[in-house]
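So the structure is just underneath, and the comments pick up after that.
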There are 2 protein chains.
Amino acid sequence: MNMLALFVMDVLTIAEAAQTTGWSARMLRYIEQTGLVVPRRSEGGYRLYGPAQVQRLRTLRDLVTTHDIGLAELGFVARLQSEPGLGAAVNEWFTARPARPEETPETDWLRFEQEKHERLLTHRTR
Amino acid sequence: MNMLALFVMDVLTIAEAAQTTGWSARMLRYIEQTGLVVPRRSEGGYRLYGPAQVQRLRTLRDLVTTHDIGLAELGFVARLQSEPGLGAAVNEWFTARPARPEETPETDWLRFEQEKHERLLTHRTR
DNA sequence: GTATCATTGACATGAACATGCTAGCGTTGT
DNA sequence: ACAACGCTAGCATGTTCATGTCAATGATAC
């Protein structure tokens, strides 16, 4: 890899990046589509992966495989970041009380009171 | 809906909950599977939706339709809160380094204020 | 006691996700 | 100049998501 990059070495083509990161070139392109790791391009349109991106791809691989999560899920998290409105809405929904059943008290009246309280919270979380 | 619930009214069966929330009964069961809204059960195993849960289902519907997001994505966000290791890892990945090449990654984000309310949501008790 | 409703499990389907592979056409290194 | 490589577009396949529907069995209401 060179392409008029005399002192800009450490820049890999997609095949090379694929090699060292464990992803396939196809997947690298796909990952780019999801917005997770977007390399810059050469004049001619070739993807150029810098060390930071390569690192990122490696850790991404790790993250995905060890925790069994999909790229789409991470893409969504990315969306949360870039779309402030979305993030806020999701956040609000989640902070406004979980609907887990095990927290259900045996006493029905008590439960009722609690739910009433919960509803109040859900109303204006701000 | 009654089932020996003399003073525990405001508790809906799945069909009733479906009616008022706009989801189908099928979807309510599905949503339960994803862990997003889990109703408690009657002695006989019937799902019982309280006002809080109904509210939650309504807002969920809103969230999903207005922002065009999937239940799976939200389920993942839920996972982020319940699995601290995961949340940390994902957080780290996103905060550590640029995804975009031209954008100067002088960014703080990803930190949605979960830390504050974490223990509220973190009740393992399985 | 019986009609009505719920439960779980299974099968079905269209859309989206995750990947691979091919084809035709530009880019790059020597 | 030309071989080697990358790019995009598209097709293909297996998987998960999101839903619906149907069947057999059990719970509730009156």
Side-chain angles (χ1 to χ4, degrees), chain A residues 1-6 8-9 11-50 53-54 57 60-61 63-65 67-79 101, chain B residues 1-6 8-9 11-50 53-54 57 60-61 63-65 67-79 101:
Chain A
M1 166 17 98
N2 177 329
M3 50 180 80
L4 83 80
L6 304 122
V8 249
M9 50 170 296
V11 175
L12 309 186
T13 63
I14 195 170
E16 296 166 335
Q19 201 70 16
T20 42
T21 60
W23 293 103
S24 68
R26 176 66 165 87
M27 274 300 102
L28 257 32
R29 299 201 187 93
Y30 183 58
I31 290 169
E32 180 178 357
Q33 269 194 212
T34 70
L36 262 33
V37 178
V38 180
R40 73 168 204 274
R41 301 298 191 101
S42 74
E43 285 291 323
Y46 275 30
R47 269 164 265 253
L48 302 178
Y49 292 87
Q53 274 132 357
V54 167
L57 286 169
L60 177 63
R61 182 150 206 60
L63 190 59
V64 162
T65 55
H67 294 84
D68 187 42
I69 64 188
L71 298 175
E73 344 241 273
L74 292 176
F76 178 64
V77 176
R79 256 188 85 190
Chain B
M1 163 22 93
N2 176 329
M3 49 179 80
L4 77 83
L6 305 120
V8 261
M9 49 171 298
V11 175
L12 310 185
T13 63
I14 195 171
E16 296 167 335
Q19 203 69 15
T20 43
T21 60
W23 293 104
S24 67
R26 175 67 166 87
M27 275 300 102
L28 257 33
R29 300 202 185 92
Y30 182 59
I31 290 169
E32 179 178 358
Q33 271 193 208
T34 70
L36 262 33
V37 178
V38 180
R40 72 195 160 94
R41 300 298 191 99
S42 74
E43 284 292 324
Y46 276 29
R47 270 164 263 254
L48 302 178
Y49 291 87
Q53 274 134 355
V54 168
L57 286 169
L60 178 62
R61 182 150 207 60
L63 189 58
V64 162
T65 55
H67 293 86
D68 186 42
I69 64 188
L71 298 175
E73 344 240 280
L74 292 176
F76 180 64
V77 175
R79 259 187 85 191

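Numbered from 1 within each chain, the chains take letters A, B, ... in sequence-line order. Since the model is a prediction, treat every value here as computed from it, not as a measurement.
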Legend entry - Minimum side-chain heavy-atom gap A:Leu57-A:Leu28 below 4.5 Å: yes
Inset, instruction - Work out which heavy atom in A:Ala25 is nearest to a heavy atom in A:Ala18; give both atom names and the distance. - result: N-CB, 3.8 Å
Legend entry - Rounded interatomic separation in angstrom, taking CG from B:Leu28 and C1' from D:dA18: 14 Å
Legend entry - Value in whole Å for how far the C1' atom of D:dG10 lies from CD of A:Gln33: 13 Å
Legend entry - Nucleotide D:dC5, atom P - distance to CD of A:Glu16 in whole Å: 10 Å
Legend entry - Distance in angstrom units between A:Arg41 CZ and D:dC7 C1', rounded: 8 Å
Legend entry - For atom CD of B:Glu32 and atom P of D:dT19, their distance in whole Å: 16 Å
Legend entry - Length of the CD1-P vector between A:Ile14 and C:dT27, whole Å: 17 Å
Legend entry - Nearest non-hydrogen partners of B:Trp23 and B:Leu71, listed with the distance: CH2-CD2, 4.2 Å
Legend entry - Any A:Thr13 side-chain N or O less than 4.0 Å from OP1/OP2 of D:dG6: yes
Inset, instruction - Scan residues 18-33 of chain A for pairs that pass salt bridge (charged side-chain N to carboxylate O under 4.0 Å, His left out), counting only residues two or more places apart or in two chains. - result: A:Glu32-A:Arg41, A:Glu32-A:Arg47
Inset, instruction - If a pair satisfies side chain to side chain donor-acceptor pair (under 3.5 Å) and one of its residues is in residues 67-78 of chain B, list it, with sequence neighbours excluded. - result: none
Inset, instruction - List in chain and number order the residues that pass side chain to side chain contact (heavy atoms under 4.5 Å, CB included) with B:Ala78, two or more places apart in sequence or in another chain; answer none if no residue qualifies. - result: A:Phe94, B:Leu36
Inset, instruction - Encode nucleotides 9-26 of chain C as B, S and - characters from 5' to 3', where the letter depends on protein heavy atoms closer than 4.0 Å: B to the base, S only to sugar-phosphate, - to neither. - result: --------SBBBB----B
Legend entry - Contact under 4.0 Å: A:Ser42 side-chain N or O vs C:dT28 OP1/OP2: yes
Inset, instruction - In whole angstrom, give the distance that lies between atom CZ of B:Arg79 and atom C1' of D:dC17. - result: 15 Å
Inset, instruction - Find the distance B:Leu48:CG to C:dT7:P and express it as a whole number of Å. - result: 9 Å
